[in-house]
Amino acid sequence: MIFTPQKYRIEDKPGVPFIDENEIMEFLNAAQPDTGRVRQIVAKALDKNRLSLEEVACLVKANDPELIELIKQGARELKEKVYGNRIVLFAPLYVGSHCTNDCQYCGFRTSNTQAERATLAGDELIREVEALEDNGQKRLILVFGEHPKYNAQFIAEAAQTVYRVKKGNGEIRRVNINAAPLSVEGFKTVADAGIGTYQIFQETYHKETYARYHPKGRKSDYDNRLVSLDRAQDAGLDDVGIGALFGLYDWRFEVMGLIRHVNHLEACYQVGPHTISFPRLQDAADVKFDSSYMVSDADFARIIAILRLAVPYTGLILTARENAALRKEVMRFGVSQIDGGTKIELGAYSEKEVDPQDLHKEQFRINDDRSLGDVIEELLEEDYLPSFCTACYRLGRTGEHFMEFSVPGFIKRFCSPNAILTLAEYLEDYAKPHIVTKGWMMIEKNLKDLNGNTDVPEIRNRLERIKQGERDLYF
Ligand code: SAM
Ligand code: SF4
């Protein structure tokens, strides 16, 4: 069995807060692991087993450069062995920046009276989606502040609007959501709209720090947020994403909090989160940061590697908050999804000019503003296979990361062929000529790698059909 439920001081029950800070601190204060122990833990992960909280704590505490290298090497190997070279691409679409909370790090906070607030509705939303489709996007995450007007109905309607927009060969095939926690009823409403993942980040698992950064509004209730994704599960929405905002508190504690959260969901619902996000704090309008817990680039790479080893069957998302060079470097340690062509100012995808220095229109500053084409070109150069695949979700195969991981041959039968087919669509419809050449070379290379394992003639047949103008062919 891959996942063995563990017993913690607070018994895992649906809807019951589960973080015991003393327990986490005891794990973190235990003796330093030696090389043998770290090797053992890495080997366990490479053997496709989930790590216990105690084992994750050992990896977190391993400060010796040689041990850190062992962990990073393990994560690299796990990614290559289990997931191969695919990277799934998506883009965020900010729908509304009104917010009743006052998160001290965020440009949308109520106390930022200078913020230019907006909500994309009707034609504005449609124009943005058309612009995203014109770039070649197929997967979006819609982002909202927390405000009574962004209720479940509003979010559901926004998702439905996005699904309806079709321009040329363009269409959005998966809409994920990052918005405030909902009630069970609310989660049912958005699930009925056909959303993919619902993401809610705890920001920090450390209660005292949480209280400091979230002084008022609904988000000030730590416990309510902590168990909010339990309500999603209760509503039948089992595709959820968790995350921590790194830089608010000690990263070691946050990694433990994230893993404890995974354990809680697995113990209560027999399914972990679909994805984990690990945003690092970025500059935002008039925000003054306490730099004590800022995460260095080196530690950021460790965080990704540890998460990869700890939860080998969960998607890891790396966003354009990080600059292109760092993204390229840390992707190797186990990232499965990245955004490309990202703009976070409301309305920016369809507007010609935006001022990157004007922080009053956006939530925070991003550091990778390359076009989707440029991101894809770099992926191809780095030997990754860019993918816009949405097949599992549309065929009702939920928990695809788990299946990729646990079902022998799943990746070669489904994921790689679908990555190839969706890349071919992108090359046919949106890519610049020099990317077209590189893209088809990559497709050929990957078809060779698939030889003998899948129905390569059928993939070739579908590639021909795509060249003839057919779209949305998937396994
Ligand atoms: N308003 C909803 C909420 O807070 O749950 C939706 C999410 S918010 C629009 C998206 C995420 O951006 C937050 O959960 C937070 O982790 C992140 N974020 C906020 N301010 C940030 C900053 N200055 N730098 C980096 N990420 C930030
Ligand atoms: Fe509002 Fe979310 Fe920003 Fe907090 S992080 S101020 S809830 S948009």
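Please read these numbers as outputs of a predicted model, since none were measured by experiment. Residue indices begin at 1 and follow the sequence shown. Whatever order the structure lists ligands and atoms in, that order sets their numbers, starting from 1.
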Does the distance from a Lys or Arg side-chain N to an Asp or Glu carboxylate O, for Asp223 and Lys207, drop under 4.0 Å? yes

Please name all residues satisfying side-chain hydrogen bond (donor to acceptor under 3.5 Å, both in side chains) with Lys216, sequence neighbours left out, ordered by chain then number. none

Using a 4.0 Å cutoff against the non-hydrogen atoms of Gly145, which atoms of ligand 1 qualify? 1 (N)

Provide the tally of protein N/O/S atoms nearer than 2.8 Å to atom 3 (Fe) of ligand 2. 1

Close-contact set for ligand 1 against Arg225 heavy atoms, below 4.0 Å: 3 (C), 4 (O), 5 (O)

Yes or no: does Lys219 have any heavy atom under 4.0 Å from an atom of ligand 1? yes

For Ile200, is the nearest heavy atom under 4.0 Å from an atom of ligand 1? no

Compare Glu362, His214, Gln104, Arg321 and give the one whose heavy atom is closest to atom 12 (O) of ligand 1. Arg321

Check: Ala193 main-chain N/O paired with Tyr163 side-chain donor or acceptor under 3.5 Å: no

Heavy-atom distance to atom 11 (C) of ligand 1: which of Gln363, Arg365, Glu146 wins? Gln363

Hey, is Asn178 touching ligand 1 through its side chain, its backbone, both or neither, going by heavy atoms under 4.0 Å? both

Could you tell me, atom by atom, which parts of ligand 2 come under 4.0 Å of a heavy atom of Lys219? 2 (Fe), 4 (Fe), 5 (S), 7 (S)

Salt-bridge test for Arg173 and Asp472: reply yes if a basic N is under 4.0 Å from a carboxylate O, no otherwise. yes

Indicate yes or no: does an N/O atom of Phe144 lie under 3.5 Å from an N/O atom of ligand 1? yes

For the pair Arg9 and Glu26, find out whether any cationic side-chain nitrogen is under 4.0 Å from an anionic carboxylate oxygen. yes

Think Arg174 forms a cation-pi with Tyr393, using NZ or CZ under 6.0 Å from the six-ring centre and within 45 degrees of its axis? yes

Knowing that exactly one of Asn176, Asp239, Ile317 qualifies, which makes a side chain to side chain contact (heavy atoms under 4.5 Å, CB included) with His274? Asp239

For the backbone of Lys343 and the side chain of Asp369, can you confirm whether one donor and one acceptor N or O come within less than 3.5 Å of each other? no

Short list, please: which atoms of ligand 1 are under 4.0 Å from a heavy atom of Val143? 9 (C)

